[in-house]
Every structure is written in structure tokens, then in C-alpha cells.
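Everything quoted here is computed from the prediction, not taken from an experiment. Heavy atoms only: backbone and side chains are in, while hydrogens, waters and symmetry mates are out. To find a chain, count down the sequence lines: A is the first, B the second, and so on, and within it residues start at 1.
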Amino acid sequence: MSNIIVLVKQVPDTNARIVLSGDRVDLSAVKKVMSPYDEFAVETALQHREANGGEVTAITVGDAGADKVLKDAKAIGVDHIVRIDSSESLDSNALQTVLASVVKSMNANVVYCGKSAADTGAGSTGPGLAERLGWASVSNSISVSFGEQLSVITPSAGGNARYNVPLPAVVSCDKGDMKVRKPNVKGIMQAKRAKVDVQTVDAPASTVSVVSHSMPPAKPAGKSYEGGAAAAEVAQLLRDEANVI
Amino acid sequence: MSETIVIAEIVKGAVHSTTAELITAAQALGSQPVVIVPCTDAGTADGASEMSGASRIIAAKSDVFANYDAAGWAAAIDAVAPSGVIVASASPQSKDLAARIAARRGISVVQDVVKIDGHNLTSPIYSGKAMQTVALSGDAVLTVRPNVFDAAPSGGSTEISVVDTTGDMATAVQEFMARASSRLDVAEANIIISGGRGMGSPDNFVHLESIADTLGAAVGASRAAVDTWESIPHSMQVGQTGKTVNPNLYIAVGISGAIQHLAGMRSSKYIVAINKDADAPIFQHADYGIVATWEEALPVLQSTLSSMMA
């Protein structure tokens with residue numbers, strides 16, 4: 001029987017346009033969704049439960065608004081949902097510290113998370129949490145097989161590498177050739193009734209603080225051409241003007 | 001004053017040229033960095049000594065560095081690195097390592113930095129749809145994107161000291177599975193040519209592959225292409241739910257430029273777009289835009305490139 005944890009994060013819909021209000025992003029009009037890579041982590045956690053038995057707990061960090069991402073995970077099939085209450089923006093050290101404290105208290109065998117969250121794209125949480133727990137970790141997994149140990153495939157220079165990963169471990173998940181299951185009606189009904197276990201953990205002070213947000217620098221207008229014959233000129237310019245070939 | 005530390009980027013057992021960019025980034029933080037070269041053979045560090053701008057080089061020698069294991073590498077590097085701000089490359093492996101080392105030291109990590117201004121660091125967020133600037137107060141580990149900072153000039157001859165180190169490995173590589181084709185992966189390539197649904201059929205990607213072979217480029221694809229055609233694997237996907245790439249040259253063929261695709265490639269140094277629809281959003285991001293079908297443009301591109309490369 002395995003005690004399986006999956007970390008989920010609520011992020012702006014990846015198809016949404018991001019706008020600024022002053023020097024901060026304004027997400028008030030943007031729909032929030034589960035970070036896409038976390039869907040692969042949830043699917044992997046559920047496959048682990050099916051292979052080895054046990055229970056899956058989804059954990060997020062945030063204020064009450066983040067409960068929705070937990071309900072989404074519940075609707076897909078996790079057993080328990082936990083929110084670590086926080087309304088502040090935590091740097092990686094603070095975030096991983098509170099996560100490590102809760103994961104430790106749960107006696108877990110394995111933690112799955114997305115390879116990065118779609119908002120920051122950082123990918124720090126999985127390996128950072130593993131280090132704090134003294135666990136093994138593999139990042140950017142494209143395939144996991146379950147046994148006494150995990151067998152994890154991850155991209156490596158020139159191809160892929162298969163790792164033997166002893167438990168306990170943290171695995172961050174990429175898509176690979178995974179098909180994720182969707183919530184069914186029963187799951188959605190159960191999720192509505194499910195109670196979020198809200199936990200409070202002291203976080204250390206952040207040493208990284210957000211100063212401002214901005215739009216990416218605008219690119220100067222490029223050269224445009226009509227008709228395929230222009231490809232010859234563009235090829236020349238790539239060599240003589242851009243110096244990239 | 002604490003030092004700045006660069007962790008040399010190691011690719012296939014050698015110091016990668018992007019390490020010279022890391023030295024420049026570290027200098028922007030205020031001082032000449034110590035460069036740590038993780039290696040199994042101290043001779044590997046010779047590849048860093050000609051990069052100017054480092055105060056000294058530590059060849060961190062250990063069997064641990066034969067294969068990548070996050071826990072073992074972090075422990076072995078932590079043991080030899082002085083305290084201070086650590087700079088590594090924003091490659092998938094080094095981002096993983098950076099997070100481990102930061103957690104080991106109980107400090108924060110800032111990934112994908114593209115600008116350093118005193119203690120203010122700027123990184124793309126929302127896959128490049130916006131930028132975030134953070135202020136650092138205290139030591140941290142940061143990773144910087146390749147092809148953003150200028151490389152420190154060559155011609156240096158920095159002294160190398162060899163230090164033996166070790167760490168406990170947590171995982172073990174069982175096997176390497178080489179890619180069937182010898183072509184580069186999009187995550188590794190300096191030039192990428194990608195196809196979208198405008199290619200009409202996955203069979204037509206052969207024309208992209210042929211140009212890729214001429215240029216030594218990788219072949220990528222849009223999410224629409226990956227979702228539509230089973231023979232186009234997710235490993236080729238460039239975009240928000242695929243790979244974020246930062247090559248010198250990105251050629252988009254039959255790709256309209258959906259917001260999630262742009263998010264994965266907009267920071268490419270030069271972008272060429274070939275699309276039959278003059279209103280395709282990709283053209284707003286292209287340095288060179290060609291309004292044409294791929295059937296018209298690719299043969300011309302192929303023959304011109306072939307004669308240029310001959």
C-alpha cells in the first residue's frame with residue numbers, strides 16, 4: 001500500500017492573454033486552471049495507486065480561491081485534498097519549507113508534481129522538496145513504471161535515460177505519451193461534497209520579492225516578402241545580415 | 001564580501017561554451033566568479049581555463065559526475081562551493097541541480113534569468129507572455145537562459161585547482177536509449193525548423209527534415225500538428241505544453257502562431273515565418289516573413305541553403 005502525494009497548482013489558463021495594470025500583471029479577468037503538467041502528475045499518481053494500491057492526496061498552497069484546483073483533482077480521482085493556507089507570495093525557499101513540513105507529517109512514499117508550473121516555468125519545487133526531505137528525485141519524467149522501486153524515463157543528451165529510483169522519491173512529470181483521464185459525473189459529484197483539509201504552517205521570510213512585472217520587449221517590425229521565391233533572399237540574409245547560419 | 005560562483009555547464013563530459021555566458025552574468029552581480037567544473041577527470045576543467053573573467057577555477061573531481069543524479073551532484077558541488085550567489089545555466093538538468101543546491105543551503109532559487117541589474121533579476125513568466133523582476137536580498141542560486149548574455153572573451157588562462165569531492169547518489173541510470181535518428185532534439189539545437197498543421201500531412205515533414213540536415217538543425221512541431229498527427233511525437237512539440245526553446249534561428253513553416261506556440265519560441269534570436277495566410281499572427285514576431293505556401297518556399301530555401309553550405 002502506497003501513500004502517494006501529488007502537488008497541484010492553480011495557474012492562469014495557458015491560452016489567456018496576460019495584461020498589466022500599472023507594473024503588475026492583472027489576472028482578475030483570467031480563468032484559473034490546474035497547471036497542465038500537474039494533470040500528468042495526477043494521472044501518474046492515480047496509475048501508481050492502481051499498480052500498487054494505496055491512497056492519493058493532492059496538496060496545493062494558497063488561499064481559499066485555490067480550493068477549486070483541489071476539487072478538480074478530486075473529480076479526477078484523488079482520495080484526499082489538502083490546502084496549505086497562504087495568502088502571501090512565497091519564494092522557493094519558503095514554499096518548499098512548508099511543503100516539506102506537511103509531506104513529512106504524512107508519512108508519504110512518493111510525491112509527484114508537474115515538471116514546472118505554467119506561470120513561473122521554474123520547475124524548482126520537485127527537486128527542492130526532495131532535497132529538503134533527503135529523498136531521491138528525477139525531473140521531467142516521460143514514463144514511470146511502478147514496483148519496489150520506480151523505473152523512470154527522462155530525456156538525456158542524445159536520447160532518453162532510464163533511471164532506477166528508490167522510494168521515497170519525488171518525480172516531476174512531463175507529458176510523454178500519457179493520456180490523462182477526465183473527471184466523470186460521479187467524480188464531479190464527489191468533488192462537490194469533498195472537504196478540503198486546510199493546514200497552517202509557518203513559512204520562513206522570503207528573500208526574493210517581486211519588484212515589478214512588464215511586457216516582453218517589443219520586437220522591431222521584420223522584413224516581409226510575398227511568394228516562395230523570396231526564400232532565396234531570406235537565406236542569404238540569414239547568413240549575411242543575421243549571421244545565424 | 002561573499003563570492004559569486006559559476007557552475008560550469010557540462011554536456012557529454014565537456015565544458016559547454018555557454019559557461020562563458022555564465023561568467024558574464026556572474027560578473028554583472030558584482031565580482032569575478034569562482035568557476036566550479038564538475039568532472040570525473042580534472043582535465044575537463046581545461047575547457048574553462050581559457051574563458052577570461054573568472055577569479056579561479058575549481059575542478060570538482062568525483063565519480064559521482066559520471067552520470068547525472070540530482071542528489072549526488074548537489075551534495076558534491078555544495079561541498080566545494082563557497083557561500084555566495086551561485087549561477088548556473090537554465091538547461092533542464094542545471095535547473096534541476098540549481099533547485100537542489102538552493103534547497104540544500106536553505107536559500108532560494110531564481111530560474112531562467114534574462115537580465116541582471118544590481119540585485120534585480122528579470123525572468124520570463126507565463127511562458128514569456130510577461131516578464132517578472134525580483135529583488136534578491138541574500139544568497140541565492142540562479143539559472144540564466146542561454147544565448148542572452150554575451151560570452152566572456154576567450155584568451156584567459158585562469159588557474160585550476162583540483163578538489164576531490166563526493167556525494168551520495170540517490171538514483172542509478174539503468175540504460176541510455178539513443179534516439180533512432182541522429183538529428184538533434186529541439187531542446188539542444190541552435191537552429192530549429194518547425195512545421196504546423198499547414199504542412200498538410202505528417203509525410204510532408206520530410207521536407208523540413210531535409211533542410212534540418214543541411215543546417216544541422218532540429219525539427220520541431222506545433223501543438224496542432226502533434227495533436228492531429230500521431231506520427232509527430234510530443235517530444236517535437238514547441239510551445240507552452242511542449243518545450244520552451246531559445247535558439248539562434250527558428251523557422252516556422254505552416255504555423256499560424258497560436259499564443260501558446262509563441263510562448264515557447266518567441267525569445268529565439270531570429271525568427272523566419274513561412275505561411276500562406278498573410279494575417280497569421282506568427283508574422284508579427286518574424287524577423288523575416290514570407291507569405292507563401294510551403295510547397296513554393298521550401299524547395300527554394302532548400303536549394304539556396306544547399307549551395308550556400310556546399
Would you say [X] and [Y] make side-chain contact, with heavy atoms under 4.5 Å?
| X | Y | value |
| --- | --- | --- |
| B/Gln174 | A/Ser151 | no |
| B/Tyr68 | A/Ser156 | no |
| B/Gln260 | A/Asn15 | yes |
| A/Ile153 | B/Met177 | yes |
| B/Ile191 | A/Ile245 | yes |

Of all of A/Ala235, A/Pro36, A/Ala230, which one pairs up most often with chain B through heavy atoms under 4.5 Å apart? A/Ala235

Shorter than 4.5 Å, heavy atoms on both sides: which option in A/Thr120, A/Val25, A/Val138 has the most such pairs with chain B?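 Among A/Thr120, A/Val25, A/Val138, the one with the most close pairs to chain B is A/Val25.
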
Interatomic distance, B/Lys129 atom NZ to A/Thr14 atom OG1 [nearest 0.5 angstrom]: 6.0 Å

Interatomic spacing from CD in A/Glu131 to CZ in B/Arg104 - rounded to 0.5 Å: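 The CZ atom of B/Arg104 is 5.0 Å from CD of A/Glu131, to the nearest 0.5 Å.
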
Give a yes or no on whether the backbone of A/Asn93 and the side-chain of B/Ser108 come within a donor-acceptor separation of less than 3.5 Å.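 Here the side-chain-to-backbone pair exists.
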
[X], part contacting chain B, at a heavy-atom distance under 4.5 Å:
| X | result |
| --- | --- |
| A/Glu226 | both |
| A/Asn140 | side chain |
| A/Ala16 | backbone |
| A/Asp174 | side chain |
| A/Ala229 | backbone |
| A/Pro216 | both |
| A/Leu133 | neither |

Determine the sole option in A/Ser172, A/Ser137, A/Ser139 for which the side-chain hydrogen bond (donor to acceptor under 3.5 Å, both in side chains) test with B/Asp96 is passed.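 Only match with B/Asp96 under side-chain hydrogen bond (donor to acceptor under 3.5 Å, both in side chains): A/Ser139.
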
Partners passing side-chain hydrogen bond (donor to acceptor under 3.5 Å, both in side chains) against A/His213 (at least two apart in sequence or in another chain):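 Per chain and number, A/His213 pairs via side-chain hydrogen bond (donor to acceptor under 3.5 Å, both in side chains) with B/Gln132.
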
Minimum-distance pair of heavy atoms, taken over all atoms of A/Trp135 and B/Arg100: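 Taking every non-hydrogen atom into account, O-NH2, 2.7 Å.
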
